[in-house]
Amino acid sequence: MEITKANFLCSNTDWKKCPKPNLPEYAFIGRSNVGKSSLINTLTNHKKLAKTSGKPGKTQLINHFIINDSFYLADLPGYGYAKVSKKLREEFQKFTLNYLEKRTNLICLFLLIDLRVKPQKIDTEFMEYCATKEIPFTICFTKSDKLKKAEISTNLENYKSYLLKEWESFPNYFTTSSVNKLGIDEILSFIKEYNLAFKS
Ligand code: GTP
Ligand code: MG
């Protein structure tokens with residue numbers, strides 16, 4: 001799928017104020033600094049569509065983008081960032097979870113995980129939350145450009161064995177990089193397929 005048009009629509013904390021849920025939507029979540037906004041920029045081939053930063057905690061609202069006039073991408077605030085106050089963190093959490101639970105056109109939540117980092121409880125807890133609430137998610141392992149090929153395989157295997165201790169099967173996943181574009185075509189094909197299914 002070629003992205004010919006990508007526009008920022010709005011920022012919100014209230015899911016009720018998000019764009020009319022008449023188009024399929026894909027949202028990006030994960031720990032602060034994992035690369036959510038960067039992945040949106042790489043997918044849409046726009047350097048500055050979503051605001052990125054070297055410092056964690058950049059995205060603090062639910063940001064909607066409309067792509068090819070036919071689907072939405074939503075950039076969400078990161079979780080698990082210790083340097084914002086507890087109150088603020090809880091606030092983020094409340095409106096983000098509300099959005100995830102209420103957004104009727106949310107086709108898939110891309111859950112980003114830094115492939116360089118050993119499995120973190122906060123991510124697996126979040127996966128459990130998604131499973132309980134029946135929120136469909138797909139893992140995107142990020143920053144794979146920082147790893148050698150062999151390290152990519154080892155880290156993937158480690159992640160799988162970690163998760164399969166508790167889970168019956170491993171969730172659908174992509175290995176990605178916003179730098180060398182690994183996995184980008186695969187995610188775009190995935191979105192295209194689900195967009196077609198949404199239409200019918
Ligand atoms: P918050 O909005 O703070 O939750 O962060 P985020 O998840 O949106 O991360 P963001 O896209 O702002 O990226 C954080 C940092 O990671 C930036 O310095 C990016 O340049 C870097 N980064 C993101 N993706 C990649 C990647 O695939 N490879 C490498 N090497 N760096 C990346
Ligand atoms: Mg961000």
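Residue indices begin at 1 and follow the sequence shown. Read the numbers this way: they start at 1 and go in the same order the structure lists the ligands and their atoms.
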Ring-ring centroid check Phe141 Tyr173, cutoff 6.0 Å: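 Between Tyr173 and Phe141, which both carry aromatic rings, the centre distance is below 6.0 Å.
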Ring centroid separation Tyr194 to Phe190 under 6.0 Å: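 For Tyr194 and Phe190, the ring centres are under 6.0 Å apart.
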Distance (rounded to the nearest 0.5 Å) between Ile40 CD1 and Lys51 NZ: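 Here the interatomic distance stands at 13.0 Å.
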Inter-residue atom distance Leu109.CG - Leu112.CG, 0.5 Å rounding: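 Interatomic distance, Leu109 CG to Leu112 CG, rounded to 0.5 Å: 9.0 Å.
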Non-hydrogen side-chain atoms of Thr142 and Ile113 separated by less than 4.5 Å: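 Answer no - side chains too far apart.
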Any side-chain heavy-atom pair of Leu97 and Lys133 under 4.5 Å: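 In short, these two side chains do not touch, never coming nearer than 4.5 Å.
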Closest non-hydrogen protein atom to [atom], residue and atom name please, with distance?
| atom | value |
| --- | --- |
| atom 22 (N) of ligand 1 | Lys143 CE, 3.7 Å |
| atom 18 (O) of ligand 1 | Gly54 CA, 3.5 Å |
| atom 26 (C) of ligand 1 | Asp145 OD1, 3.5 Å |
| atom 10 (P) of ligand 1 | Ser38 OG, 3.6 Å |
| atom 27 (O) of ligand 1 | Ser178 N, 2.7 Å |
| atom 9 (O) of ligand 1 | Gly35 N, 3.2 Å |
| atom 7 (O) of ligand 1 | Lys36 NZ, 2.7 Å |
| atom 5 (O) of ligand 1 | Asn33 N, 3.0 Å |

Tyr159 and Asp123: side chain donor to acceptor below 3.5 Å: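 No, no side-chain donor-acceptor contact under 3.5 Å.
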Distance filter under 2.8 Å, centred on the Mg ion (ligand 2) - protein N, O or S atoms that pass it: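 The answer is Ser37 OG, Thr59 OG1.
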Heavy-atom pair of closest approach, residues Ala74 and Glu25: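 The answer is CB-OE2, 3.9 Å.
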Test log, rule side-chain hydrogen bond (donor to acceptor under 3.5 Å, both in side chains), inputs Tyr26 and Asn195: CA-CA 10 Å; Tyr26 306 84; Asn195 284 349; 2.7 Å; yes
Cys140, Gly183, Ser37: member with heavy atom nearest to atom 8 (O) of ligand 1: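 Among Cys140, Gly183, Ser37, the closest heavy atom to atom 8 (O) of ligand 1 comes from Ser37.
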Region of Ser53 that comes within reach of ligand 1 [heavy atoms, distance under 4.0 Å]: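 Backbone only; the side chain of Ser53 stays clear of ligand 1.
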Proximity to ligand 1 by part of Pro56, non-hydrogen separation under 4.0 Å: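 Only the backbone of Pro56 comes within reach of ligand 1.
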Same apolar cluster (I L V M F W Y, side chains within < 4.5 Å links), Val34/Leu73: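 They do share one cluster, since a chain of ILVMFWY contacts under 4.5 Å joins Val34 to Leu73.
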Aromatic ring pairing Phe126/Tyr79, orientation class (parallel under 30°, perpendicular over 60°, tilted between):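 Rings of Phe126 and Tyr79: tilted, as their planes differ by 30° to 60°.
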Atom indices of ligand 1 within 4.0 angstrom of Gly78 heavy atoms, with elements: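 Heavy-atom distances to Gly78 below 4.0 Å select 4 (O).
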